[in-house]
Amino acid sequence: MFTKSDLSKSLNQIDHKGYKAYKRLQQKWYNYGKYQLGLPYVQGDPFATPSQLFIRIKQDIASFPDWTFKNKIRRIATADYLTRKIATTIKETVKGRRGSGKSGRIDIVRTGQEILERTAIKFNSEMIEVRLRAGLPAKGRRILAEEAKQMLLEEIPTLVKETLFFTALDTKRLERHILTTEDQEILRDRLKEEGLVTFIANGSILPRKSGKDDRPLTKQVVPFKSPPELEVSFNLPYLGQVSGMGIKEGITLIVGGGYHGKSTLLQAIEKGVYNHLPGDGRELVVTRENASKIRAEDGRRVEQVNISPFINNLPQNLATTSFSTEDASGSTSQAANIMEVLELGSKLLLIDEDTSATNFMIRDARMQQLVANEQEPITPFIDKVKPLFDQHNASTILVIGGVGDYFEIADQVIMMEEYQPYEVTDKAKQVAANHPSGRSFTKQEQFGALSRRYPKRASIDFFSRNKPKIKAYNQDKLQFGNEEIDLSQIEQLLNQEQTKTIGQMLAYAQQEGIFNQETPLLTSLIQLNQLIDRQGLEVISPFSAPEDSYVRPRLIEVGAALNRLRSLKISKIEGVD
Ligand code: ADP
Ligand code: MG
């Protein structure tokens, strides 16, 4: 290993040389005494993605106590805390721009309101490794050694001093960050034991600043308060006794007038599959981890999905037990979306009428009269939602403002009024009895079979012109080989980093043969997750140095991306009762 003064000398030697001379630092590690600095990948151009800069410090020196790393969720939460702390310290201590292109910048992966597993920081009982990006400075394409020395020999030591020694941290805040995260994890497990699908604590702040700003709304906000009939309590190790609204397994309607907070409640429930920062307002909105938002998504591709529980007798005798299309309609896309997430193990569907196909959700009495059942390929969701629960134990939470026909089959009805929930199940049943919908409920005792699909490995091709090509242009658009996967309708996806990680996970699983003809899709995705659990998310990195900006997605979103890959081919589909 080299020393800090070796680094200084090397920089002096390349001063004013062409930018590529920085490559001499590549893959070298420098001993800074208490820690080491490494440059696993050095960029050859000041305008391109900056170079990788890693810092490694042993726990003997960083001295984080056992309670910060004693289990996996605590390691994730501590790393998450450090990622945020480093980002704010960079803002305070790094000069930033000094020269052309990205010169002078030091960056760490972006964070949002969720506490997530990332590759930016590896944190365990032995060591901490921080993976940054640094724009090595240049004027034009000429190296600025003095500026580089400032960055690497002055700013980095300050950054390390303020963030990677336990004693330098606000330990009370760190403790709150870790233990609030752990409580959410514990609560999520407790939900299952209690037969609940989601919990929204009293006092939670559900609305966000804006569609583009995920931080809590602060002005004129109405905190959440459970109706007494639905209130449940939990005793959590750190936060103690918490009370709030518990939604049971089964079929739940959220009703109410327009603009009274229905969609906001459902969106908070959707994001409750993730853990949130203390102070987010949703840190005690916790949902079962396999919950899946369902919506219509016309135009999407569908590859051999059994949509026959919902759709039969299509014109031209198109088969619906293994239905494929390059351009799904609103209703067929919504049917396919449901069947795909059920295949991936989801036991909770979240549906908002705002984003649903009307003809998929309901056919009312008059339409039943006019169009003979034999002429209508769609069995609407209203006729299937109960058999789905009875046969497959999959619950549904539905936001419905416009159609009272669902009152008959709901197990519970919650009304939002002025952003407050009320329990109105009996009232709704009364209304249903007094005002019959006149619908003939097509007797649907069975939902029908779920599926197990076997993807063809060769159809998951991430090469383009003989080179791997995996790139997230933004959260919604993933380049995968020659294909572009549209993820814009995947509402529980959080950010561009997750999108990129999904692309890399799929490529990795393809390359390693985790996807193969003999293994069903779900089994392959579980195997991939188990491998990542054992070896860390960085295992999917294609190069020798681990990638620094992966963010772990859920299995459901990984599967969703694969299901939207236009080249995907399914070799076999089996029914599962
Ligand atoms: P709905 O789906 O019932 O039509 P939304 O959930 O879209 O209503 O909410 C309408 C508006 O009210 C949104 O701008 C949202 O941010 C705001 N809102 C929702 N819940 C609250 C709340 N608890 N306090 C203040 N504003 C809220
Ligand atoms: Mg709405």
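The chain is numbered in sequence order, starting from 1. Just so you know, ligand 1 is whichever comes first in the structure, and atom 1 is the first atom listed for that ligand.
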When only distance counts, is K262 in polar contact with ligand 1, meaning an N/O pair under 3.5 Å?
yes
Nearest-neighbour protein heavy atom for [atom], which is reported as residue plus atom name and distance:
atom                    : answer
atom 5 (P) of ligand 1  : T264 OG1, 3.5 Å
atom 24 (N) of ligand 1 : V222 N, 2.9 Å
atom 16 (O) of ligand 1 : P207 CB, 3.7 Å
atom 8 (O) of ligand 1  : G261 N, 3.2 Å
atom 11 (C) of ligand 1 : Y259 CZ, 3.5 Å
atom 12 (O) of ligand 1 : Y419 OH, 3.0 Å

Is the side chain of R363 donor-acceptor paired with the backbone N or O of I378 at a distance under 3.5 Å, no angle test?
no
Would you say the side-chain atoms of Q184 pair up with the backbone N or O of H276, donor to acceptor, closer than 3.5 Å?
yes
Between E303, E326, E484, which is the residue that forms a salt bridge (Lys or Arg N to Asp or Glu O under 4.0 Å) with R566?
E326
Salt bridge (Lys or Arg N to Asp or Glu O under 4.0 Å) with E340: of R452, R300, R301, only one passes, and it is R300
Heavy atom under 4.0 Å from ligand 1: found in Q220's side chain, backbone, both, or neither?
backbone
Using a 4.0 Å heavy-atom cut-off, say whether S263 meets ligand 1 through its side chain, its backbone, both or neither.
both
Should the pair K477 and Y473 be classed as cation-pi, given the thresholds of under 6.0 Å to the six-membered ring centre and 45° from the axis?
yes
Which of parallel (below 30°), tilted (30 to 60°) and perpendicular (above 60°) describes F199 and F234?
perpendicular
Aromatic plane relationship, H260 with Y419 - under 30° parallel, 30 to 60° tilted, over 60° perpendicular:
tilted
Is a donor from one side chain sitting under 3.5 angstrom from an acceptor on the other, for S333 and D298?
no
Measure from the Mg ion (ligand 2) to each N, O or S atom of S263 and report whether any distance is below 2.8 Å.
yes
G258 touching ligand 1 at heavy-atom level, < 4.0 angstrom
yes
With a 4.0 Å cut-off on heavy atoms, is V221 touching ligand 1?
yes
What atoms of ligand 1 come closer than 4.0 angstrom to any heavy atom of G257?
3 (O)
Qualifying residue, where the test is side chain to side chain donor-acceptor pair (under 3.5 Å) with N275 and the options are R188, E283, E182, R282
R188
The Mg ion (ligand 2) to D354: nearest N/O/S atom name
OD2
